[in-house]
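Just so you know, ligand 1 is whichever comes first in the structure, and atom 1 is the first atom listed for that ligand. All values reported here derive from a predicted model rather than from experimental measurement.
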Amino acid sequence: MKSAHITGVGHYVPEQVVTNEELTNYMDTTPAWIVERTGIKERRFFKEGEDTVSKMGAKAAKIALENAGVEAKDIDLIIFATLSPDYNFPGSGVLMQRELGLKGIPAIDVRQQCSGFIYGLSVAQAYIRSGMYKNVLLACGEIQSNVMELSDRGRNMAVIFGDGAAAVVIQTSDDTSKGILSTHIHADGEFAEELMLEHPGSNRKERITAEMIENGDLLPHMNGRLVFKHAIVRFPEVINEALEHNGLTITDLDLLIPHQANLRIAEHVQKEMGLSNERVYNNIQKYGNTTAASIPLAFSEALQAGRIKQGDLVCFAAFGSGFTWGSALVRW
Ligand code: UT7
């Protein structure tokens, strides 16, 4: 069987930096509360008319392609993971395909929120292993700042989420000792409503009403404490699942890159798994929670910072809305 290797990584974040201090102009919060509860110091907000999810994905993709030494025309499949597509339909995959001038090749959108990158990797790996596609571009992007209410009502979510994009090139290889060793994906729809953006949905005659706007029902809703409780159980579980599947243990792991949901969640997992600071990479401090983009954005920066060497064992793990969760183990 073929192996799927990540051969290029890139990221793009909007220019505008929004500090915790700035958020205090709009809502009853303090930089100390935000840092203590989430670890976040600043995040990026997109520029209207310049940044779109698909354009940010394309910018990240161009860097990933360059790093992989692959020309855009050699890509034979696009996968785009986002919870904030440019349009309700069509998906952002086709828009990025147009942006990159890749007429004709298929584009799949993945809608698994915080687990979007892991789900996307599993789709890419399955296609590559089957021999159906050879050069896959997986892009992840989010614009969330415009669905946050910068007010007291919206403060529990507004301080957390940010905008950004990242992409990876995944290619076929005969070397099965390296690359994506395995992916593990899960879901439990029982908790679908605990972290959601309900409206405008297709289940009502009137998709948008004045009442919905007034009540703030067009904003996302999160049961933060419940998500937190489930996250700290599912992360270790799915990391161990990946290690056990490959006959490895936590001592074999060189770097864990968890979904950047909340620094407290990552630190909880780190402690439970007995990992030193050198063996976990976080950058939520700078970008907040960028949902599907968070893992590849952290991966891209970890590579730039020299935190990943040839032969290192790297684990990606995610948990979020759905609930969905998953992990991937990569021999770099
Ligand atoms: O990537 C998607 C997955 N999402 C996550 O993994 C998020 C998981 N959950 C969390 O990260 C945390 O639950 C939050 C950061 C969202 C909230 O932290 P918490 O420690 O669970 O706080 P809480 O919701 O229990 O609220 C504690 C207090 C409340 O006040 P009272 O009721 O104790 O008076 C909130 O009203 O903090 C208040 N609060 C705030 N205070 C200042 C909520 N948001 C804010 C805020 N600034 N921004």
Quick one about Glu142 and Thr291 (side-chain donor to acceptor, distance below 3.5 Å, no hydrogens or angles considered), yes or no? no
Shortest protein heavy-atom distance from atom 5 (C) of ligand 1, along with the residue and atom involved: Val227 CG1, 3.5 Å
In terms of residue, atom name and distance, what is the protein heavy atom nearest to atom 47 (N) of ligand 1? Thr29 OG1, 2.6 Å
Proximal atoms of ligand 1 relative to Cys114 (non-hydrogen, under 4.0 Å): 1 (O), 2 (C)
Among all the protein's non-hydrogen atoms, which is closest to atom 1 (O) of ligand 1, and how far away is it? Asn289 ND2, 2.6 Å
Side chains of Ser294 and His259: do they bring a donor and an acceptor to under 3.5 Å? yes
Run down the list Glu194, Arg37, Lys229, Met222 and name the one with the heavy atom closest to atom 20 (O) of ligand 1. Arg37
Any chance the side chains of Asn262 and Thr38 put a donor and an acceptor closer than 3.5 Å? no
Name the closest protein heavy atom to atom 14 (C) of ligand 1, giving the residue it belongs to and the distance to 0.1 Å. Ile160 CD1, 4.3 Å
Does ligand 1 have a heavy atom under 4.0 Å from the side chain of Asn262, from its backbone, from both, or from neither? side chain
What I want to check is whether the side chains of Ser115 and Thr324 have a donor and an acceptor closer together than 3.5 Å. yes
Check whether the side chains of Lys103 and Gln97 place a donor and an acceptor atom closer than 3.5 Å, and report yes or no. no
Compute the minimum heavy-atom distance from His259 to ligand 1 and say whether it is under 4.0 Å. yes
Contact partition for Arg264 relative to ligand 1, non-hydrogen atoms under 4.0 Å: side chain
Proximal atoms of ligand 1 relative to Leu195 (non-hydrogen, under 4.0 Å): 2 (C), 3 (C)
Which residue and atom name correspond to the protein heavy atom nearest atom 25 (O) of ligand 1, and how close is it? Arg225 NE, 2.5 Å
Joining Ile, Leu, Val, Met, Phe, Trp and Tyr whenever any side-chain heavy atoms lie under 4.5 Å apart, the cluster holding Tyr12 also takes in Phe46, Val53, Met56, Leu65, Val70, Ile75, Ile78, Phe80, Met96, Leu100, Leu102, Ile105, Leu137, Ile143, Val169
Counting both backbone and side chain atoms, is some N or O of Thr38 under 3.5 Å from an N or O of ligand 1? no
Check whether more than 12 heavy atoms from other residues, nucleotides or ligands sit under 6.0 Å from atom NE2 of His268, and answer yes or no. no
Less than 4.0 Å between a side-chain N and a carboxylate O, is that true for Asp312 and Lys309? yes
Under 3.5 Å between any N/O of Thr30 and any N/O of ligand 1: does that happen in this structure? no
Atom 9 (N) of ligand 1: nearest protein contact (heavy atom, Å): Gly224 O, 3.0 Å
So, are Glu50 and Lys55 salt-bridged, with charged N and O less than 4.0 Å apart? no
Under 4.0 Å between heavy atoms, the region of Ile34 that gets near ligand 1 turns out to be neither
Tell me: protein heavy atom nearest atom 39 (N) of ligand 1, and distance? Trp33 CZ2, 3.4 Å
Heavy-atom nearest neighbour in the protein, as seen from atom 35 (C) of ligand 1, with distance rounded to 0.1 Å: Arg155 NH2, 3.8 Å
Less than 4.0 Å is my threshold; does some heavy atom of Ala231 fall inside it relative to ligand 1? no
Nearest 0.5 Å, what's the CG-CD1 distance between Leu303 and Ile257? 7.0 Å
Salt bridge flag under 4.0 Å for residues Arg279 and Asp254: no
Is Glu237 paired with Arg234 through a side-chain N to carboxylate O contact shorter than 4.0 Å? yes
Any protein heavy atom at under 4.0 Å, with atom 33 (O) of ligand 1 as the reference point? no
Do the side-chain N and O atoms of Gln144 and Asn289 include a donor-acceptor pair separated by under 3.5 angstrom? no
At a 4.0 Å cut-off, with the gap strictly under it, does some heavy atom of Gln113 reach an atom of ligand 1? no
Ligand 1 and Val159, any nitrogen or oxygen pair closer than 3.5 angstrom? no
